[in-house]
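This report concerns only the one structure given below.
Quick note: numbers below take in every heavy atom, side chains included, and nothing from hydrogens, waters or symmetry partners. On a predicted model such as this, the values are computed, not experimentally measured, just so you know. Chain identifiers are assigned alphabetically (A, B, ...) following the order of the sequence lines, protein sequences preceding nucleic acid strands; residue numbering begins at 1 within each chain.
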Amino acid sequence: MTLKVSDLAIARGGIPVLEGLSFTLPPSAVLILRGPNGIGKTTLLRTLAGLQPALSGQIAGAEDQIAYASHADGIKPTLTVTENLRFWASVFGTADINTALQAFALSDLAHRPAGQLSAGQKRRLGLARMLVTGRPIWSLDEPTVSLDQNAVTLFADVIREHLGQGGSALIATHIDLGLDAKVLELAPFKAKPKPIDDTDGGFL
Amino acid sequence: MIALLLRDLKLAIRAGGGFGLGLAFFLIVTILVPFSVGPQSALLATIAPGVLWLGALLACLLSLDRLLALDWEDGSLDLLATAPLPLEGVVSIKALAHWITTGLPLVLAAPVLGVLLSLPGQGYVWLVISLLLGTPALSVIGTFGAALTVGLKRGGLLLSLLVLPLYVPTLIYGAEVARRGAIGMEVETPLLMLAGITAATVALLPFASAAVLRVNLR
């Protein structure tokens with residue numbers, strides 16, 4: 001499934017942040033989003049995931065294809081690791097959670113309440129959720145936050161495996177994952193502030 | 001959908017889930033009323049249906065601010081909105097889970113607490129029927145309020161203010177069914193109104209809740 005974005009403009013809180021953005025993400029490819037804080041990486045990922053409308057432009061091939069992982073992992077602290085994953089598996093209509101548990105080395109923690117996990121372990125659980133969604137395009141927002149070096153390697157392996165199966169990934173990150181990836185620098189697409197031609201306009 | 005319902009029920013009964021909060025509040029209110037009113041069985045019997053209905057309504061209100069806020073805080077709501085479930089279905093299931101964990105226990109406890117308020121013998125059936133018909137509307141309306149205020153820190157006060165006026169019709173007709181039932185009058189008219197209000201809210205409000213939730217998630 002190819003994700004195709006053309007001439008996209010997006011806004012956060014009503015203020016345009018990015019405009020004129022175009023890219024394609026073919027199967028088995030990774031696109032790394034780079035840019036300074038506040039440039040609109042999260043806003044872009046949320047727009048692609050369908051959580052907010054774009055100001056203008058087209059997004060093709062995104063609907064029901066994207067598995068979105070935000071800053072928050074959506075983990076319920078009183079449910080066990082298995083229960084958390086199994087819930088998302090059944091929401092997305094898949095059954096196998098063992099692959100995901102093994103891929104992120106969570107098998108030993110499977111029956112621990114998720115509230116007792118460390119920050120890095122929680123993140124691994126949040127990323128394991130991507131595997132049980134069964135969706136081809138992964139959209140990851142700073143996935144490596146609070147992961148140690150081993151876990152980052154683990155994560156890169158999972159991404160490679162996913163690419164091998166024809167999936168693709170869109171990752172907003174600042175660290176080098178050792179993946180053969182294209183980098184999309186977002187800074188050139190920063191939305192120009194609108195010229196202020198009438199300062200009273202907003203009050204009239 | 002079923003998975004979401006089961007998850008919500010499981011979360012409610014696990015530690016800190018809030019199951020029993022409404023029930024405990026209902027219990028406290030109805031136990032304290034006889035103390036504050038005094039030992040006048042005749043007076044208590046007159047006000048019993050109204051007190052029980054009011055107690056049930058406030059107990060429902062108490063747990064509303066957790067309904068969507070918890071899922072919003074830990075990010076699950078974003079993830080649910082991008083999942084293949086329709087958001088209308090998500091809010092309906094949330095309302096159903098709220099009813100099962102809050103409304104249904106109230107319905108079951110009401111007859112027992114009716115004894116404390118010396119509710120006349122013929123009133124029990126209608127009390128239970130009116131609560132059974134009315135409490136689903138309380139949950140569905142409450143979910144709408146929760147969707148409106150999701151993302152607001154300490155939105156509980158605003159939520160109560162928004163939801164209370166919407167609860168009034170259900171309270172009026174629900175308490176009226178229970179009152180008429182208790183004194184042996186014909187209950188058909190308020191009963192039909194109550195059922196109509198519940199049917200309409202259950203059918204229509206999930207769409208409104210999903211729409212405001214979409215806006216709030218932006």
### Contact leader toward chain A among B:Glu73, B:Met1, B:Arg7, where contacts are heavy-atom pairs under 4.5 Å
B:Arg7
### Task
Report the C-alpha distance between B:Asp71 and A:Lys76 in whole Å, list the side-chain angles of each, state the deciding distance to 0.1 Å, and finish with yes or no for side-chain contact (heavy atoms from CB on, under 4.5 Å).
CA-CA 9 Å; B:Asp71 275 341; A:Lys76 291 294 173 191; 2.5 Å; yes
### Task
Please check if atom CZ in A:Arg34 has more than 12 non-hydrogen atoms from other residues, nucleotides or ligands closer than 6.0 Å.
yes
### Message
Strictly less than 4.5 Å between heavy atoms, which residues of residues 78-91 of chain B line up against chain A? Please order them by number.
### Response
B:Asp78, B:Leu79, B:Leu80, B:Ala81, B:Thr82, B:Ala83, B:Pro84, B:Leu85
#### Entry: Contact check, side chains of A:Trp88 and B:Ser76, non-hydrogen atoms, under 4.5 Å
yes
### Query
Does any heavy atom of chain B fall under 4.5 Å from the side chain of A:Arg129, the backbone, both, or neither of them?
side chain
### Approximate separation, where rounding is to 0.5 Å, of A:Phe87 CZ and B:Leu4 CG
4.5 Å
### Message
Can you tell me if B:Phe26 has over 12 outside heavy atoms packed within less than 6.0 Å of its CZ?
### Response
yes
## Note on the structure
Counting heavy-atom pairs under 4.5 Å with chain B, the top scorer among A:Pro77, A:Ala72, A:Ser70 is A:Ala72
### Query
Considering only heavy atoms, which portion of A:Ile75 lies under 4.5 Å from any heavy atom of chain B: side chain, backbone, both, or neither?
backbone
### Query
If you round to the nearest 0.5 Å, how far is OG1 of A:Thr43 from CZ of B:Arg218?
13.5 Å
### Query
For chain B, which of A:Ala69, A:Gly126, A:Pro53, A:Ser90 has the most heavy-atom pairs under 4.5 Å?
A:Pro53
### Message
Counting neighbours of CD on A:Glu161 that are heavy atoms of other residues, nucleotides or ligands and sit closer than 6.0 Å, is the number greater than 12?
### Response
no
### Query
Are any non-hydrogen side-chain atoms of A:Leu79 and B:Leu11 less than 4.5 angstrom apart?
yes
### Query
Is it the backbone or the side chain of A:Arg135 that comes under 4.5 Å from a heavy atom of chain B, or both, or neither?
side chain
